[in-house]
Amino acid sequence: MKRYNPRDIEPKWQQIWANTKLYAAKNGDQTRPKYYMLTEFPYPSGDGLHAGHAREYTIGDVIARHKRMQGYNVLFPMGYDAFGLPTENYAIKHKVTPQSATARNTAMFRQQMQSLGYSIDWDREVNTSDPAYYKWTQWLFLRFLEQGLAYQAELPINWCPFEKTGLANEEVVDGKHERCGTPVEKKLLKQWVMRITDYADRLIDGLKSIDYPSRISSQQINWIGRSEGAEIEFAVDDEVLTVYTTRPDTLAGATFLVLAPEHPAVTAITAAEQRAAVEAYVKQAQAESELARQATDRPKTGVWTGAVAKNPLSGRDMPVWVADYVLAGYGTGAIMAVPAHDERDFAFAKAMNQRLLATEGPEYIDKETAPRPNEPFHHREVVQAIVKHPTEDKYLLQRMLGWETKSLSLVSGGIESGEDPLQAIVRELREETGYVHIKSLAVTGLPYGVKFYHEHKKVNRSARVTTVFIQLESLRQVAVAAEEQALNESVWTGAKEALSQLHGEGARRVFNEHTAGEPTPFIAITPVIEPITGTPHGDDHEKEAIVAVVHNAKTNETLLLDWGPRHSNWGGMLFIGGGVEPGEDLVKAAEREIAEETGYKHVKFVHQTEVPVNNYYYSNVKDRHDKARMYGLLFELEDDAQTDTNMDEGEKDKFTPKWVPDDEVFSTVNDGGHEVIYRMLMRDEAYPGEGVLVNSGQFDGLSGIEAKRAITKWLFDQGIGRGATKFKLRDWIFSRQHYWGEPIPVVHCAKCGVVPVPDDQLPVELPQVDHYEPTDDGQSPLAAIDEWVNTTCPTCGGPARRETDTMPNWAGSSWYWLRYMDAHNDQAFADRAALDYWGVVDLYLGGMEHTTLHLLYSRFWHQFLYDQGLVPTPEPYAARRGQGIVLAADGRKMSKSLGNVVNPTDVIAQYGADAFRLYILFMAPYDETTPWSEERLSGVSRFVYRVWSLGQELMAAPAAIAAEPAGDQGAFEAEVDRATHKTLKKLHDDLESMRFNTTVSALMEYVNVLTDAKVKSRLLQPANAALRQRTLRTLILMLAPSAPHLAEELWHELGETTSVHLAGWPQYDPALLQDDVVTVVVQVNGKLRGNILATPDATEPELIALAQAEPNVAKHLDGVQIVKIIVVPRKLVNFVVK
RNA sequence: GCCGCUGUGGUGGAAUGGUAGACACGCUUGACUCAAAAUCAAGUGGGGGCAACUCCGUGUCGGUUCGAGUCCGACCAGCGGUACCA
């Protein structure tokens, strides 16, 4: 028997295939359908082919070979993406030219790919650094230039200080250069830029017509980052600031504007007294590195410009700030900030207000009650409010009863620990005056200090006073305690009168500033969206409600009601809830519900949500759809005292109160509305979701898209805004300051400006030089080569200088699949007939890492070429698939420094190319990342040897020794043929769906059947010569795409003289797939209780009878009642019993 | 945070809503051998049982269904991408 020796047969056949040009694709062949199988061409680095390449090209080769055997005219080409920095660096280091390094490396790659037996049409090989190739890259660039899609601009670009070159945005990852990891700097340079943003919409829309994995299309869509919203203009002094927002519905809640530090209007709008601060901030922002600015969770910083704009909808002042959380490069570089509904604006507002509140304002000494000398001061933090009447132009002042002074004061009180000034003043207002219905409140003016003698407490008092402006919504009041009534009397007064009677210099000053409309940097947080939870049904029964969150600070627990298991629309764990009677105070209502439902009678109100949550839900009790406008109220439990709960008997058993640890509350509550309430109450955060508009004048009551549309239209009608679409995608920085790239084919002439090199003078070839090290000054090394740089102007003939920037390495790969169609054309980048014939790439296989780089760039080029009528299709690739990464055996990435790299050449030397290929297919689904395993590779290698031996045995069996076979010959042949055709069908299905791992499994199973001792010995009998022959033939054909050398060798041993790879792919015969006997599974209540053998066409009653007769099934059917019998012909019988 | 993908034995991974773990690796036992390697044969999810058989089992919790790894809902974990993009 001949031994299997891949070291002999593999090179032998590779040589023969090459010599006969077996895999040559034929342009214009109308006798067969075409199939264009493209894999990404490699960058020819000095390290040679790696395992990832081998995976990609092996998959591509198997598909190409299978298609070829199916009768397609297959184009499966290869080339080299040869320009780029690694080669340049390598050449500098080894003191050779990039040209010679490239020649050496491409030869190595070609040799390695050939040794893997790929069916590449080598006559079409391309190399992007070949002048014959880049002539056409330059030619195509000039078409972009003609159409204005390539332009020069002075831009702050990403600069890699290590490789000394500019970079595209797509090449910067986490603030670092994706290739070398060096932190990227900003550098202002004159650059060539490609207007890819013109194609942003097309690049998204085109994805619909092509077959990309959702992973890739969603990543591209994300990267392009289209968003729809509105541009809104705000007048600030003489300037008009235009902002971009995706949330025009929150316009009324925009309480300030923010400009990026780089925004051109910053200087113009900055007020004189703020100039120094603003300039310092802008300077500091510019000094920050990209990396630092990108850091997540960095505290918000900013500075007030002193300017104020007016909100066109709410009419309120909006201080204009400068802050680096707004990016100059996106939208208009300015935003309207809505702190109530945007997390970033919220964080900024909180931080800035806090900073302002912490500042020390002027200090006043009260002259009427001057502090006593030589006595210590007792300090308090105080908040006071300028409270405005809901309808009239009047302010709420207080007269202290029992004091000697006749003057009035603002509503005020001490800030208790843990409170912020806004919370404190709301509490004070409620306790002292009973007013609770607040429309808006905001800090106004810087805090000031005051010192006086406290006559009641008989101490010197120093206070820091924060002033808040409160606009009442209505005069709705709650009862005021008698002791409070005895202290103060409330008076509504006009502004002038108030000012004259106000006690205290500081209070008079802030009141005056406020009523005079002095600009203030303080940022109000005004909610304009009421959250919606649940789904409206149209006929919802509306009511006002409270949700009471009762917290116990001693145990850090929160009170929940357990309504039993959660169903789709009732039950679960909820807070205490209940209806509010018309006109009833929310706090009172909540206290009543708490007592009724849980018995707790001593709870202290802390605060409530500013807006209600519109919760749509199904009321199980009332059997109807309800809409509750739920206000959340937070209470602190004062003591455990409980009264009897006061509930109907029916209501009592429905729920049980439960104390839940605070950190589990959020995950325990399982109702959308209650969750939102809890977030609003407990977590200091914005509500960024959608909902119903409030505090938005005429737009109140609108929601979602409705509101966006209505407000955008209103802005348009007012002439201060319009709908707008923006993209995250930026134009493509196309210049590189390096030697080893395509020279950008233009010259700069003092007289004519930028002049394209005429087409007939292309290519602009790279000069052959000794030194081409990159420079630090942002100049290409080409600039130093005078004899190359100095040229004449093609237009005027005068002296001119060549452009010295080169193209990025993405340029050559942006059109290479077109060159394969007609690789040697020197009249055009490709002949139109060839372009028409091959059309789109049918399948493009490559790595996931190119999704937002090469794949996006090349689609952009192709779409442009289509627009110019240069290519026949709008998209280059009909389908794209990405292969998974091959990890090292240790589960880590393969890397030279870890020493865990698998070298394909070594693998081939030890196991042969066919075993290597089969293992690549077998190791995992092709798109799954998976570790390399030499042990499993050896398993596949055993399979290859088994196939070889089987082939040898089947061929060596004597054809005519008289010996009669035992048993039924027809049944045996049918059994073997059935196995063959089942395998064929499996291969057919799995190759179509690219499930290569299971095709190898199927081949293994098939070979296992044939090598089974009983089957094989009978197969070797003389009577089975014909069966043996057709079985082996089919096996070889099935192996041909994945193990081409093995298949070819056995094929020729079989006596064939033409290549197996030109043979037709075998078709399976459905008739031969039919089993004589099928195994039918018998279940009782879905549990497997046995199986029966039946003919495929057995009827239902027959199957049931057989099943019932099965002893174990009978056992389980004994003594039970059969409710139902499910029969799936040829598959299963299931008895449903009681 | 957002977008996408993935969760199945000791491992890589199979399974049109119908016998979970195909095919391999590894491991155990046996044959061959002086011995080892290679090869061949048998076994191999966990628990119980002498056995027939039986219970449990595909990240978690629910739901739909005669029947769920597969479909639906909520969550958890891992991977990839992206991120003050307003």
Side-chain angles (χ1 to χ4, degrees), chain A residues 173-174 213-223 225-227 229 243-247 250 254 258 293-298 300 323-327 329-338 341-345 347-348 565-568 667 670 688 726-730 848-849 851-852 884-885 919 922-925 927-940 942-943 945-946 949 989 995 997-998 1000-1006 1008 1011 1013 1079-1091 1111-1112 1115 1123-1128 1130-1137:
Chain A
V173 176
D174 291 336
S214 64
R215 195 178 347 180
I216 294 179
S217 37
S218 74
Q219 246 183 68
Q220 288 203 351
I221 289 168
N222 256 331
W223 184 262
R226 176 189 167 121
S227 73
V243 307
Y244 173 70
T245 179
T246 55
R247 294 294 301 271
T250 61
V258 190
R293 258 184 94 160
Q294 277 200 0
T296 46
D297 288 342
R298 66 199 278 265
K300 298 261 185 301
D324 67 3
Y325 83 94
V326 171
L327 305 177
Y330 181 74
T332 59
I335 63 162
M336 68 173 208
V338 186
H341 302 295
D342 182 279
E343 286 170 47
R344 297 151 299 177
D345 298 343
F348 183 76
R566 176 76 181 179
H567 293 264
S568 57
S667 54
N670 48 14
K726 299 282 175 195
F727 298 93
K728 281 196 248 180
L729 185 72
R730 313 291 158 85
M848 293 297 184
E849 69 275 17
T851 300
T852 54
I885 298 163
Y919 171 64
F922 182 65
M923 60 183 174
D927 54 351
E928 213 70 48
T929 291
T930 192
W932 179 263
S933 162
E934 178 133 0
E935 281 138 359
R936 290 190 192 108
L937 165 60
S938 69
V940 175
R942 279 201 281 277
F943 167 71
Y945 276 86
R946 271 212 308 282
S949 318
D989 296 346
R995 293 174 339 173
N997 55 330
T998 52
V1000 179
S1001 301
L1003 287 167
M1004 286 173 167
E1005 280 180 78
Y1006 180 53
N1008 286 348
T1011 49
T1079 305
V1080 175
V1081 171
V1082 186
Q1083 297 179 337
V1084 178
N1085 276 350
K1087 278 190 193 276
L1088 177 70
R1089 294 303 177 193
N1091 41 54
N1112 197 43
K1115 196 174 89 190
V1123 182
K1124 198 172 168 187
I1125 304 174
I1126 311 278
V1127 179
V1128 182
R1130 306 165 50 112
K1131 286 261 174 186
L1132 152 145
V1133 179
N1134 186 14
F1135 295 96
V1136 185
V1137 301

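To find a chain, count down the sequence lines: A is the first, B the second, and so on, and within it residues start at 1.
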For this session: Identify, with sequence neighbours excluded, every residue that meets side chain to side chain donor-acceptor pair (under 3.5 Å) alongside Thr998(A).
Result: Asp990(A)

Exercise. Quick one: is Tyr330(A) getting a side-chain N or O under 4.0 Å of the rA86(B) phosphate, OP1 or OP2?
Worked result: yes

For this session: Nearest-nucleotide wise, let me know which of Thr246(A) and Asn1008(A) is further upstream toward the 5' end of RNA chain B.
Result: Asn1008(A)

Exercise. Touch check for Asp345(A), heavy atoms < 4.0 angstrom, all strands: base, sugar-phosphate only, or nothing?
Worked result: nothing

Exercise. Given the C1' atoms of rG7(B) and rA37(B), what is the spacing between them in whole Å?
Worked result: 39 Å

Problem set entry | Pair Arg298(A) + Asp324(A): basic N to acidic O under 4.0 Å | yes

For this session: List in chain and number order the residues that pass side chain to side chain donor-acceptor pair (under 3.5 Å) with Trp932(A), two or more places apart in sequence or in another chain; answer none if no residue qualifies.
Result: none

Enumerate the protein-to-nucleotides 43-52 of chain B contacts in which both atoms are nitrogen or oxygen and the separation is below 3.5 Å.
none

Problem set entry | Letter per nucleotide, 5' to 3', of nucleotides 3-19 of chain B [B base touched, S only sugar-phosphate touched, - untouched; heavy atoms, 4.0 Å] | SSS-----BBSSSB-BB

Exercise. Quantified in whole Å, what is the C1' atom distance between nucleotide rG9(B) and nucleotide rG69(B)?
Worked result: 14 Å

Exercise. Under the side chain to side chain donor-acceptor pair (under 3.5 Å) test, which residues partner Ser227(A), sequence neighbours left out?
Worked result: Tyr244(A), Tyr330(A)

Exercise. So what does Gly225(A) hit on the nucleic acid, given a heavy-atom distance under 4.0 Å: a base, only sugar-phosphate, or nothing?
Worked result: nothing

Problem set entry | Heavy atoms of other groups near Glu849(A) CD, more than 12 under 6.0 Å | yes

Problem set entry | Polar pair under 3.5 Å, donor/acceptor by atom type, side chain Lys300(A), base rC84(B) | yes

For this session: Would you classify Lys728(A) as touching base, sugar-phosphate or nothing, given that sugar-phosphate means primed atoms plus P, OP1 and OP2, and contacts are heavy atoms under 4.0 Å?
Result: base

Seminar exercise, completed: Across all chains, not counting sequence neighbours, the side chain to side chain contact (heavy atoms under 4.5 Å, CB included) partners of Thr929(A) are Ile885(A), Leu887(A)

Exercise. Do any N or O atoms from the side chain of Arg730(A) and from the backbone of Lys728(A) form a donor-acceptor pair under 3.5 angstrom?
Worked result: yes

Exercise. With sugar-phosphate meaning primed atoms plus P, OP1 and OP2, does Arg730(A) contact a base, only sugar-phosphate, or nothing at under 4.0 Å between heavy atoms?
Worked result: base

Exercise. Is the NZ or CZ atom of Lys300(A) both under 6.0 Å from the centre of the six-membered ring of Phe348(A) and within 45° of that ring's axis?
Worked result: no

For this session: Answer with base, sugar-phosphate or nothing: what part of the nucleic acid does Lys1087(A) contact at a heavy-atom distance below 4.0 Å?
Result: sugar-phosphate

Problem set entry | C1' gap between rC84(B) and rG13(B), integer Å | 42 Å

